[in-house]
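Single-structure report; data block below.
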Amino acid sequence: MLNWLKRDPVKKLQQQYEQKLEQAMTAARNGDMRANAALTEQAEALRAEIERQKG
């Protein structure tokens with residue numbers, strides 16, 4: 001009945017995913033490849049969760 005009041009969990013995950021990718025890009029630009037790899041791995045885990053929730 002009040003479904004329109006609920007937040008979309010996929011939208012929140014998408015924002016987190018984009019933030020992780022941006023952090024990974026910044027780490028790569030600064031030459032920190034280990035941080036880049038770790039952040040990219042976290043971003044991919046978020047992407048997988050987004051895909052799982054979508055369908």
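Separating the OG1 atom in T40 from the CG atom in L21 is a distance of 7.0 Å, to the nearest 0.5 Å.
Listed by first and then second residue, the salt bridge (Lys or Arg N to Asp or Glu O under 4.0 Å) pairs that reach into residues 13-29 come to none, sequence neighbours excluded. Among residues at least two apart or in separate chains, side chain to side chain donor-acceptor pair (under 3.5 Å) pairs with a member in residues 43-55 are E44-R47, E49-R52, E49-Q53.
Considering only residues two or more places apart in sequence or on other chains, D8 meets the side-chain contact (heavy atoms from CB on, under 4.5 Å) condition with V10, K11. Contacts of A45 classified as side-chain contact (heavy atoms from CB on, under 4.5 Å), with partners at least two apart in sequence or in another chain: none. With sequence neighbours excluded, no residue forms a salt bridge (Lys or Arg N to Asp or Glu O under 4.0 Å) with R34. Partners of Q16 according to the side-chain contact (heavy atoms from CB on, under 4.5 Å) rule, which considers only residues two or more places apart in sequence or in another chain, are K12, L13, L46. Not counting sequence neighbours, the partners of A28 by the side-chain contact (heavy atoms from CB on, under 4.5 Å) test are M33, N36.
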